[in-house]
Number of protein chains: 2
Amino acid sequence: MTDLATRVVGAEPTPSFSPLYQQIKGLLLRSLQGGEWRPGEAIPSEMELAARFKVSQGTVRKAIDELAADNLVVRRQGKGTFVATHAEERTQYRFLRLQPDDADATALRRRLLECRRLRAPADVARALDLKAGESVVLIRRLLLQGEQPVVLDEIWLPAAPFKGLSAERLAANRGPMYAYFEAEYGVHMSRADEKIRAVPATGDGAQALAVPEGTPLLSVERLSYTYGDKPVELRRGLYRTEAHHYRNVLT
Amino acid sequence: MTDLATRVVGAEPTPSFSPLYQQIKGLLLRSLQGGEWRPGEAIPSEMELAARFKVSQGTVRKAIDELAADNLVVRRQGKGTFVATHAEERTQYRFLRLQPDDADATALRRRLLECRRLRAPADVARALDLKAGESVVLIRRLLLQGEQPVVLDEIWLPAAPFKGLSAERLAANRGPMYAYFEAEYGVHMSRADEKIRAVPATGDGAQALAVPEGTPLLSVERLSYTYGDKPVELRRGLYRTEAHHYRNVLT
DNA sequence: TAGTGGTCTAGACCACCTC
DNA sequence: AGGTGGTCTAGACCACTAA
């Protein structure tokens, strides 16, 4: 069999050897980024991909194994391999690590506060890799446990890929917000980074969360990325932690 | 080749099939728990293990792959596979997710406050899976950035496996505390769970961290496990987040 | 029954480390 | 030179799904 590795390495000025399956993974990633297969769709079978790339099925398998480990695809025995999607997930809030202290607490409800367009402040522009002053969408919303507000979110999105996003359309959507972004704008969030601090409640935040000024709150700044490590969402959350905690597993 | 899977399945009342490599992984886990190979030591080569378990080298490889993914074992090409250890790690604080906002900040220094034995309070006993009133060791310490206190830790350990632990011996140790626990008591921390909240500084905590009462702090409760999901350490930390943040990667 | 992913094997060769 | 893990292949068979 022709060695794809050799061919690709040969084309590079610096060899920088990488195993065949890594190169296959890279090709599959490109197809995912390019939208050849959309979230929820099946990608070709391992045998088909092996034929396409002229490698053995085992090599394709190892490439797909890594994509599955990164949560970019989902394998289903007997059916095929599918592009990961937020649409068919059991969890309403994919990246929310906040949990009720009582396991039997009711699910969180959403309340949209506002959704408007504005010019990106410098810090937001920097985080989203935009030019200062480019148009962004700002969404503010509450998550409530019963009548009790628990989370105040401020969501910043670049306006360009999210053209036409409005309070009305957001309010009409039932499922996860990330599923909506996927279906409506073709933007899939695959990974996120969070920075967490303890801060005192102030002004608007204190009022929206119905706590006295100065109450300690978790400040969670989340930057979400789509395929190719492109940042596409900056989310600033304030969490009340009297009856909830942020849970993290360290390995 | 004889099918180990069939043999094992045959012995079970409920078949509950599990693939061969999972069974091999289980056997390797048992050896790790039993201390057949100590942290830092090499485990037998893939070929040797394949011969011992009467399976192919590829099957052993897949079992070891999973152990490596769980950070229980480290592979080194050309040398062998080694039991994970905290002794030879670049990071002083293996599970500490707190980072300085400025990347170029100096490393954290430790200051031991106390180390004493006492009867386990009910909540600590429950977390560590002990009977109420069993003997535990309590360590309190500070982490400082320059002269500025940043973290106040309260560390609870079951007294039995940590016999002879004292302030003097702790103070004499230079490297990571987890490396010391490994070398001295043969206890390796492999995994941990954290619950994070925002709380106001009070009393002792405020004083130790040199902040006014009521200052918002991160409260981080960490339960660490050794092989076999046995809890062996409860750590309650208070983090100042004026110049630091807790960083988390979501996938 | 046919197609998919999942497991297991056996063997070849490569990259890296040590002696 | 010899041993280790890392890659790649080819083929067999199993488990699950759907028509």
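What you see is a predicted model; the values in this text were computed from it and never measured. To find a chain, count down the sequence lines: A is the first, B the second, and so on, and within it residues start at 1.
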Is it true that the NZ or CZ of [X] lies under 6.0 Å from the centre of [Y]'s six-membered ring and within 45 degrees of the ring axis?
X        : Y        : result
A:Arg94  : A:Tyr178 : no
B:Arg97  : B:Tyr246 : no
B:Arg222 : B:Phe95  : no

Quiz prompt | Separation between CG of B:Leu29 and CG of B:Leu72, rounded to the nearest 0.5 Å | solution =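 Reported to 0.5 Å precision, the distance equals 6.0 Å.
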Quiz item: What salt bridge (charged side-chain N to carboxylate O under 4.0 Å, His left out) pairs are there with at least one residue in residues 26-45 of chain B, not counting sequence neighbours?
Solution: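 The answer is B:Glu36-B:Arg52.
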Quiz prompt | Ion pair check, B:Glu88 and B:Arg76, cut-off under 4.0 Å | solution =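 Salt bridge present between B:Glu88 and B:Arg76.
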Quick one: [X] [atom1] to [N] [atom2], roughly how many Å, whole number?
X       : N     : atom1 : atom2 : value
A:Gln57 : D:dT9 : CD    : C1'   : 11 Å
A:Gln22 : D:dT7 : CD    : P     : 8 Å
A:Lys25 : D:dT7 : NZ    : P     : 12 Å

Self-check item: All salt bridge (charged side-chain N to carboxylate O under 4.0 Å, His left out) counterparts of B:Lys195, not counting sequence neighbours
Solution: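 For B:Lys195 there are no salt bridge (charged side-chain N to carboxylate O under 4.0 Å, His left out) partners, ignoring immediate neighbours.
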Quiz item: What closest approach, in Å, do B:Ser224 and B:Met189 show between heavy atoms, and which atom pair accounts for it?
Solution: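 Minimum heavy-atom contact is CB-SD, 3.8 Å.
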Quiz prompt | Any residue meeting ring pair (Phe, Tyr, Trp, His ring centres under 6.0 Å) with B:Tyr227, in chain and number order, not counting sequence neighbours | solution =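 Partners of B:Tyr227 under the ring pair (Phe, Tyr, Trp, His ring centres under 6.0 Å) test: B:His188.
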Quiz item: Does the pair B:Val73 and B:Phe82 meet the rule for a side chain to side chain contact (heavy atoms under 4.5 Å, CB included), with working shown?
Solution: CA-CA 6 Å; B:Val73 111; B:Phe82 299 78; over 6 Å; no
Exercise. Please work out which residues in residues 73-81 of chain B have a non-hydrogen atom less than 4.0 Å from an atom of DNA chain D and list them by number.
Key: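 Under 4.0 Å from DNA chain D: B:Arg75, B:Arg76, B:Gln77, B:Gly78, B:Lys79, B:Gly80, B:Thr81.
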Self-check item: Positions of residues 28-52 of chain A (non-hydrogen atom under 4.0 Å from DNA chain D), listed by number
Solution: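 Heavy-atom contacts with DNA chain D come from no residue of residues 28-52 of chain A; none.
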Practice problem: Within residues 61-72 of chain B, find the residues that approach DNA chain C with a heavy atom at under 4.0 Å, and present them sorted by residue number. | Solution: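 Those residues are B:Lys62.
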